[in-house]
Amino acid sequence: MAAPPARPAGGSRRTVWVLGAVAAAVVVLVVTIVGGVARRSADDPTPTVVAGPTATGPTFAPGTVQIIDDEAGISYPYLGDGWYQYALSVPLETTSVRGQYFTTQDSVPDGGEFIAQITSGPVAEGYGWTGPGSEQATIETLAQSVRANYYPGPNEREELRDEAITVDGAPAWIYEFVLSWDAAGYDATGERAALVVIDTGRPAPALLYLSIPNTHAELYGVIDRVVDAVDVL
């Protein structure tokens with residue numbers, strides 16, 4: 001996914017996650033960014049060290065083992081050295097963002113950088129949330145937005161999981177998929193990603209977004225690791 005541009009002043013929101021195709025209206029988005037069935041302990045001792053290009057973002061405080069997103073109402077593991085504190089623009093799909101990322105390609109054809117990410121935030125209005133029981137409808141709308149706005153096109157999608165789950169006792173829905181493309185100038189030819197919508201009991205559900213370009217396929221396992229370790233605050 002490509003790094004997002006700064007959100008323009010005046011309230012207009014731009015998305016953050018993967019290099020975008022043309023979105024609604026006349027906006028060309030050039031961006032990108034990067035839950036669970038079984039709760040796992042936050043003190044998992046095994047860091048996920050990454051290789052290759054690294055981001056220049058801020059590092060986490062020494063001793064950090066858990067990323068706490070007070071706005072979304074969830075927390076999940078920090079994956080260790082090589083993962084940086086997410087400090088890019090807030091994506092269109094959430095009202096705030098927390099998480100971790102690293103750069104996988106310094107520059108892509110439409111501008112910006114490509115990144116792997118694990119981020120979270122409260123779902124913004126207009127994505128299908130009408131309260132408990134609307135997790136699946138919300139995921140479907142978010143998945144369409146992500147695919148249309150943040151990935152090189154044309155692309156093909158392979159669904160891996162599309163099902164209801166429980167995250168730390170809370171109802172949730174996970175949609176996991178692989179996108180593939182053939183676009184000049186990109187090191188990656190695809191990406192494995194997952195969206196998890198969690199009903200935390202707050203007015204807006206939490207969205208957890210995880211994405212790993214296939215240039216770093218050895219890290220695909222962190223998706224299940226993080227999803228299985230999400231806590232609801």
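Along the sequence shown, residues carry numbers from 1.
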- Task: Measure the shortest side-chain to side-chain distance between L233 and S75 over non-hydrogen atoms and say whether it is less than 4.5 angstrom.
- Result: yes
- Item | Audit row: Q105, E113, side-chain contact (heavy atoms from CB on, under 4.5 Å) steps and yes/no | CA-CA 6 Å; Q105 183 178 348; E113 55 191 341; over 6 Å; no
- What closest approach, in Å, do T64 and A61 show between heavy atoms, and which atom pair accounts for it? OG1-O, 2.7 Å
- Query: For N149 and E93, which heavy atoms make the closest approach, and how far apart are they?
  - Reply: ND2-OE2, 4.2 Å
- Task: Working to the nearest 0.5 Å, report the span between CG of D187 and CG of D106.
- Result: 9.0 Å
- Step by step, work out the side-chain contact (heavy atoms from CB on, under 4.5 Å) result for V178 and E159. CA-CA 7 Å; V178 173; E159 294 182 359; over 6 Å; no
- Should I118 and Y76 count as side-chain neighbours, where that means a heavy-atom distance under 4.5 Å? yes
- Is a donor on one side and an acceptor on the other found under 3.5 Å between the side chain of S145 and the backbone of T141? no
- Message: Does atom CG (D182) have a neighbourhood of more than 12 heavy atoms from anything else shown, all under 6.0 Å?
- Response: no
- For the student: nearest non-hydrogen atoms of L208 and S120, plus distance: CD1-CB, 4.1 Å
- Query: Would a distance-only check, ignoring hydrogens and angles, find a side-chain to backbone donor-acceptor pair under 3.5 Å from D168 to V232?
  - Reply: yes
- Between W173 and E163, what is the shortest heavy-atom contact and its length? NE1-N, 3.3 Å
- Message: Nearest 0.5 angstrom please: I198 CD1 to T138 OG1, how far?
- Response: 12.5 Å
- Message: Please report the interatomic distance CG(D162) to CD(E176), rounded to the nearest 0.5 Å.
- Response: 11.0 Å
- Query: Should the pair F60 and Y78 be assigned to parallel (<30°), tilted (30 to 60°) or perpendicular (>60°) ring geometry?
  - Reply: tilted
- Message: So, taking the atom named CG in L195 and the one named CG in L207, what distance separates them when rounded to the nearest 0.5 Å?
- Response: 6.0 Å
- Message: Can a donor-acceptor pair be found, under 3.5 Å and without considering hydrogens, that links the side chain of D199 to the backbone of A172?
- Response: no
- For P109 and A184, work out which heavy atoms get closest and say how close. CG-O, 3.3 Å
- Report the C-alpha distance between T94 and T119 in whole Å, list the side-chain angles of each, state the deciding distance to 0.1 Å, and finish with yes or no for side-chain contact (heavy atoms from CB on, under 4.5 Å). CA-CA 10 Å; T94 59; T119 56; over 6 Å; no
- Item | D81 vs T59 side-chain heavy atoms within contact, under 4.5 Å | no
- Note on the structure: When rounded to the nearest 0.5 Å, the distance separating CD of E71 from CZ of R98 is 9.0 Å
- Query: Heavy-atom distance under 4.5 Å between the side chains of Q136 and I139, does that happen here?
  - Reply: no
- Message: For a ring-ring contact (aromatic ring centres under 6.0 Å, His included) check, start with the C-alpha distance between Y84 and F102, then their side-chain angles and the critical distance, and finish with the verdict.
- Response: CA-CA 6 Å; Y84 288 78; F102 68 92; 8.6 Å; no
- Message: For A72, is there any backbone N or O sitting under 3.5 Å from a side-chain donor or acceptor partner on D69?
- Response: yes
- Mark yes or no for whether Q85, through its side chain, and G99, through its backbone, hold a donor-acceptor pair below 3.5 Å. no
- Below 4.5 Å, heavy atoms only, C-beta onward: do V146 and Y151 meet side chain to side chain? yes
- Donor-acceptor pair, side chain of E135 and main chain of G133, under 3.5 angstrom: yes
- Query: Can any side-chain N or O of T103 pair as donor or acceptor with the backbone N or O of I115 at less than 3.5 Å?
  - Reply: no
- Message: Side chains of F114 and E191, heavy atoms from C-beta outward: is any pair under 4.5 Å?
- Response: yes
- Query: Could you go step by step and tell me if F177 and Y175 meet the ring-ring contact (aromatic ring centres under 6.0 Å, His included) rule?
  - Reply: CA-CA 7 Å; F177 57 95; Y175 183 68; 5.3 Å; yes
- From N155 atom CG to L179 atom CG, the distance as rounded to the nearest 0.5 Å: 5.0 Å
- Query: If you take all heavy atoms of A193 and Y209, which pair is closest and at what distance?
  - Reply: CB-OH, 3.8 Å
- Among all residues two or more places apart in sequence or in another chain, which pass the ring pair (Phe, Tyr, Trp, His ring centres under 6.0 Å) test with Y220? none
- Message: When you compare the side chain of P122 with that of S96, does any pair of heavy atoms fall below 4.5 Å?
- Response: yes
- Between T189 and N214, does any side-chain donor sit less than 3.5 Å from a side-chain acceptor? yes
